[in-house]
Amino acid sequence: MYKIVKAEKLADMIYLMDVKAERVARHCQPGQFVIVKIDEIGERVPLTICDYDREAGTVTIVFQIVGASTERMSRLQEGDSFKDFVGPLGVASEFVTEDLEELKKKKILFVAGGVGAAPVYPQVKWLHEHGVEADVIVGSKTKDMLLLEDEMKAVAGNYYPCTDDGSYGHSGMVTTKIEQLVSEEGKKYDVCVAIGPMIMMKFVCLLTKKLDLPTVVSMNPIMVDGTGMCGACRLHVGDEIKFACVDGPEFDGHLVNFDESMERQTLYKTAEGRAWLKEKEGDTHHGGCGNCGGDE
Amino acid sequence: MADILKATPVREQDPKVRATNFEEVCYGYNKEEAMDEATRCLNCKNARCIQGCPVAINIPGFIMKVKDGDIEGAYEEIGKSSALPAVCGRVCPQESQCEAKCVRGIKGESVSIGKLERFVADYALENNISPKKAEKTNGHKVAVIGSGPAGLTAAGDLAKAGYEVTVFEALHELGGVLVYGIPEFRLPKDKVVKKEIEKVKELGVKFETNVVIGKSTTIDMLMEEEDFEAVFIGSGAGLPMFMGIPGETANGVFSANEYLTRSNLMKAYDNNYDTPIAAGKKVAVVGGGNVAMDAARTALRLGAEVHIVYRRSEEELPARVEEVHHAKEEGIIFDLLTNPIEILADDKGWVTGMKCIRMELGEADASGRRRPVPIPGSEFVIELDTVIMSLGTSPNPLIASTTKGLEINQRQCVVADDETGQTSKAFVFAGGDAVTGAATVILAMGAGKAGAKGIDEALSQK
Ligand SMILES: Cc1cc2nc3c(=O)[nH]c(=O)nc-3n(C[C@H](O)[C@H](O)[C@H](O)COP(=O)(O)OP(=O)(O)OC[C@H]3O[C@@H](n4cnc5c(N)ncnc54)[C@H](O)[C@@H]3O)c2cc1C
Ligand SMILES: Cc1cc2nc3c(=O)[nH]c(=O)nc-3n(C[C@H](O)[C@H](O)[C@H](O)COP(=O)(O)OP(=O)(O)OC[C@H]3O[C@@H](n4cnc5c(N)ncnc54)[C@H](O)[C@@H]3O)c2cc1C
Ligand code: SF4
Ligand code: SF4
Ligand code: FES
């Protein structure tokens with residue numbers, strides 16, 4: 001059992017938890033992820049490692065409610081436990097193994113969308129601790145949904161919040177902010193790291209391709225085991241098939257086939273949506289709505 | 001006693017009924033039937049059956065005890081050689097191993113060694129008969145990677161010899177392929193696998209799940225930081241292969257491992273569990289091995305019409321005869337001498353069909369089997385919504401790539417000595433599918449035994 005030592009609601013539908021998992025905390029690096037399972041009947045849910053405390057043996061996760069499992073997770077409290085918590089999985093961000101002197105010469109731009117701020121944070125923090133100041137664009141729908149602002153400000157070079165509704169910071173999408181920084185303000189970056197919903201990463205990549213800015217993305221396809229055993233997480237990177245859980249999750253964004261990956265992500269939406277409905281409505285859920293087919 | 005040349009028949013679930021449930025297909029013998037069948041054994045002096053068993057169980061020895069009704073004694077006899085008899089009695093390819101060598105088989109049917117073994121083991125599980133454990137530990141720490149048959153056997157044998165053994169397993173359940181691959185209807189999980197693993201626990205073996213060696217920690221760290229004096233690698237061959245044909249990333253194309261893992265390990269077939277499975281209405285399983293049969297029979301039970309698509313003919317099907325027979329009885333359709341060349345999908349990326357080409361058998365190839373060659377112009381399309389690729393698996397590179405000085409061959413398999421399991425790295429041993437590539441439960445157990453012996457020798461000479 002893996003104890004939740006802290007549970008906090010960060011924004012509407014978004015939660016943060018510190019979980020005691022000593023082996024993971026001892027060896028994890030920015031860019032890696034864990035898989036959690038609530039209990040016997042739960043599914044294996046992949047989540048990026050958002051922070052870690054090697055001394056305390058804890059790992060921080062941040063997640064957004066999107067379906068039955070994340071909803072069930074959100075009900076867990078401090079003192080409760082996950083039955084399973086495995087990791088660190090995947091390959092660490094490339095810069096972790098890069099020559100530090102070389103790295104210090106680089107200008108890095110991070111672009112986070114929505115809950116993507118969580119996985120971006122440990123990367124920016126790691127760089128900050130190693131004397132590299134990176135710029136960070138964080139986008140969200142509205143001011144209240146902006147995550148980890150104080151934490152991010154403390155470790156970022158320049159920090160650029162954006163909101164779709166203009167309630168805070170730059171008004172508009174993260175892509176317009178990138179254009180502004182690069183095309184109007186003439187900023188030069190050597191590499192961009194974009195993490196967020198696939199659709200956001202796709203548009204960031206379309207733009208950075210035009211700007212000739214190499215871009216790393218963190219892919220979040222459907223996963224089962226997370227150890228390279230099932231192939232559920234496969235995606236095309238250029239002509240090659242890669243398994244996101246062992247070859248990634250970070251890839252060259254200019255080579256990823258986003259359209260295919262987005263189609264693959266919808267694979268279980270309907271079946272799982274049904275499970276959630278069934279749970280919410282209990283015995284009153286008999287189909288009938290014409291969409292979900294009940295327990296069929 | 002009926003015809004001495006015929007084996008005592010075993011009761012099975014009716015094919016029509018079982019095609020709709022996940023209950024075990026074969027009921028096994030009861031005590032009376034087992035004692036009956038045991039009388040057919042000639043207690044040969046030079047028992048050829050033993051040569052056919054990779055772990056050399058004293059077969060006439062245990063069968064004679066069954067004949068006398070001493071089931072506990074029979075269990076003790078089997079336990080000297082096998083840690084998982086309830087598993088082997090069910091899934092061993094007996095017809096090509098112990099039973100293939102039985103002298104009874106020359107004139108009539110071989111003694112049903114597997115079914116007898118299963119009966120003895122089930123009896124022991126039901127009556128809580130425990131294996132004998134070591135008097136005291138010898139203080140030496142050994143790590144075992146992977147809780148499949150190879151790892152469990154190595155761990156059990158080492159514990160019996162007094163070692164302090166910890167098994168590290170990447171998944172959240174113990175058992176390897178026994179839990180994630182082989183379906184419930186062939187190998188019940190709670191009734192058989194879990195209980196048999198309990199017996200290994202009773203020997204004093206410690207288990208840590210959710211530890212991925214190569215990620216959560218490494219072999220070198222286990223030895224340097226956690227004082228393990230030797231390591232046994234039993235990490236299996238779990239990496240699925242795909243064909244590399246167009247359309248393989250479409251929605252509705254799965255590896256057999258994913259399909260079976262969702263259904264077995266995550267229990268997607270049971271509505272009380274959260275994990276979904278897109279079971280499919282019309283399913284093609286590509287391949288002809290045991291894994292393909294399991295995937296096909298699982299899909300059938302989840303309500304699909306299922307076709308096995310295999311490029312050679314029936315004779316070359318690598319699956320066990322019994323499995324093919326069961327699959328046919330249940331209504332699986334065999335499209336033989338057929339090879340997929342493309343998977344077709346609609347504009348949203350969902351599978352709609354599979355383009356195949358008919359094959360004929362040509363000259364024999366390196367494996368001695370006649371090579372299938374495509375018949376030009378014979379392409380056709382099968383309409384379906386799900387394709388399960390069952391083309392074999394290879395060892396996962398996670399461990400090899402993170403362990404200094406561990407030699408692997410071109411097939412990604414760990415190089416290890418047959419007799420001792422010794423690898424190219426000192427005090428690191430290996431066995432099972434990780435060394436041989438995908439093989440069988442009993443070969444993995446044999447390798448686990450060899451590894452335990454190798455480790456014992458290496459550590460006692462230290
Ligand atoms: C490497 C990786 C890192 C991730 N990091 C985070 C994170 O830090 N914070 C966070 O909130 N989310 C993260 N996700 C996504 C998170 O795993 C999904 O939101 C979650 O699995 C959805 O489960 P659900 O049952 O609540 O939702 P549903 O949408 O109901 O899930 C339906 C099914 O689809 C699958 N699924 C749906 N969406 C995704 C998705 N985006 N990724 C993977 N599987 C999906 C699930 O396996 C589930 O079986 C990450 C995913 C991956 C692969
Ligand atoms: C669907 C299916 C049906 C089969 N049917 C039969 C049959 O009827 N009869 C038969 O004899 N054989 C059958 N086999 C083959 C047989 O199951 C295998 O040969 C046998 O299980 C191999 O045992 P193993 O211990 O070497 O590996 P596995 O059983 O594969 O166990 C390896 C274990 O190691 C774990 N692991 C892997 N990497 C790591 C790591 N880095 N860190 C920690 N743990 C790790 C895995 O999660 C797994 O639990 C079948 C196989 C499949 C897939
Ligand atoms: S372990 Fe397998 S080969 Fe050996 S006796 Fe039992 S069934 Fe036969
Ligand atoms: S060969 Fe057959 S008859 Fe002879 S001992 Fe073995 S099982 Fe019995
Ligand atoms: S999640 Fe199974 S192979 Fe990646």
Side-chain angles (χ1 to χ4, degrees), chain A residues 2 21 23-24 26-28 32 34-35 37-45 68-69 72 83-91 222 224-236 241 243 246 257 259-276 278-279 295, chain B residues 168-173 180-181 208-212 214-218 221 225 235-242 244 248-262 265-268 270-279 345 347-350 389 393 395-398 401:
Chain A
Y2 302 80
R23 280 194 191 276
V24 186
R26 207 179 309 153
H27 298 297
C28 64
Q32 292 188 294
V34 292
I35 286 187
K37 187 165 173 284
I38 303 175
D39 51 20
E40 166 64 24
I41 63 163
E43 37 174 5
R44 294 170 65 96
V45 179
S69 295
R72 219 147 69 75
K83 180 169 170 294
D84 300 287
F85 194 96
V86 58
L89 299 170
V91 182
I222 287 175
V224 184
D225 60 302
T227 66
M229 187 262 277
C230 75
C233 63
R234 64 194 188 277
L235 74 162
H236 269 107
I241 297 270
F243 286 8
V246 284
N257 184 338
D259 292 337
E260 177 188 275
S261 290
M262 283 190 283
E263 279 169 6
R264 284 187 63 75
Q265 228 184 24
T266 64
L267 187 54
Y268 282 105
K269 288 287 180 196
T270 46
E272 177 79 347
R274 273 193 231 148
W276 191 23
K278 195 173 136 202
E279 181 171 319
D295 291 344
Chain B
F168 296 96
E169 169 55 50
L171 293 172
H172 59 270
E173 287 280 352
Y180 81 70
E208 249 195 77
T209 49
N210 299 320
V211 181
V212 185
K215 290 288 172 192
S216 313
T217 183
T218 63
M221 289 185 211
E225 294 168 13
S235 53
L239 193 76
M241 294 183 216
F242 288 92
E248 248 178 331
T249 45
N251 280 347
V253 184
F254 303 92
S255 73
N257 264 6
E258 179 183 352
Y259 201 83
L260 289 168
T261 300
R262 282 184 183 275
L265 180 71
M266 306 310 296
K267 304 213 167 52
D270 180 341
N271 277 333
N272 294 317
Y273 283 72
D274 288 347
T275 302
I277 186 164
D347 57 355
K348 294 270 186 321
W350 290 82
M389 290 294 175
T393 52
N396 189 315
L398 267 188
S401 64

Item checked: Residue selection (most heavy-atom pairs with chain A, distance under 4.5 Å) from Met266(B), Lys348(B), Glu258(B) -> Glu258(B)

Notebook entry, point to check: Looking only at atom types and distance, does a side-chain atom of Ser216(B) sit under 3.5 Å from a main-chain N or O of Gly87(A), one as donor and one as acceptor?
Noted result: yes

Next item on the list: Return yes if some donor-acceptor pair links the side-chain N/O of Asn396(B) with the main-chain N/O of Thr227(A) below 3.5 Å, else return no.
Entry: yes

Notebook entry, point to check: Under a 4.5 Å heavy-atom cutoff, which of Gly236(B), Gly238(B), Pro240(B) has the most pairs with chain A?
Noted result: Pro240(B)

Note to self: Just verifying a value: how many Å separate Leu398(B) CG and Met229(A) CE, rounded to the nearest 0.5 Å?
What the structure shows: 12.0 Å

Item checked: Top contributor to chain A contacts, counting heavy-atom pairs under 4.5 Å, from Thr217(B), Thr218(B), Asp270(B), Leu265(B) -> Thr217(B)

Notebook entry, point to check: With chain A, which of Thr393(B), Asn210(B), Asn257(B), Thr209(B) has the greatest number of heavy-atom pairs at distances under 4.5 Å?
Noted result: Asn210(B)

Notebook entry, point to check: When rounded to the nearest 0.5 angstrom, what distance separates CG in Leu171(B) from CZ in Arg44(A)?
Noted result: 5.5 Å

Margin query: Under 4.0 Å between a side-chain nitrogen and a carboxylate oxygen: does that hold for Arg234(A) and Glu248(B)?
Written below: no

Check: Between Val212(B), Leu260(B), Thr249(B), which has the largest tally of heavy atom pairs under 4.5 Å with chain A?
Finding: Thr249(B)

Next item on the list: Determine the option with the most heavy-atom pairs under 4.5 angstrom with chain B, choosing from His236(A), Met262(A), Arg26(A), Gln32(A).
Entry: His236(A)

Notebook entry, point to check: Is a side-chain donor-acceptor pair under 3.5 Å present for Glu43(A) with Tyr273(B)?
Noted result: no

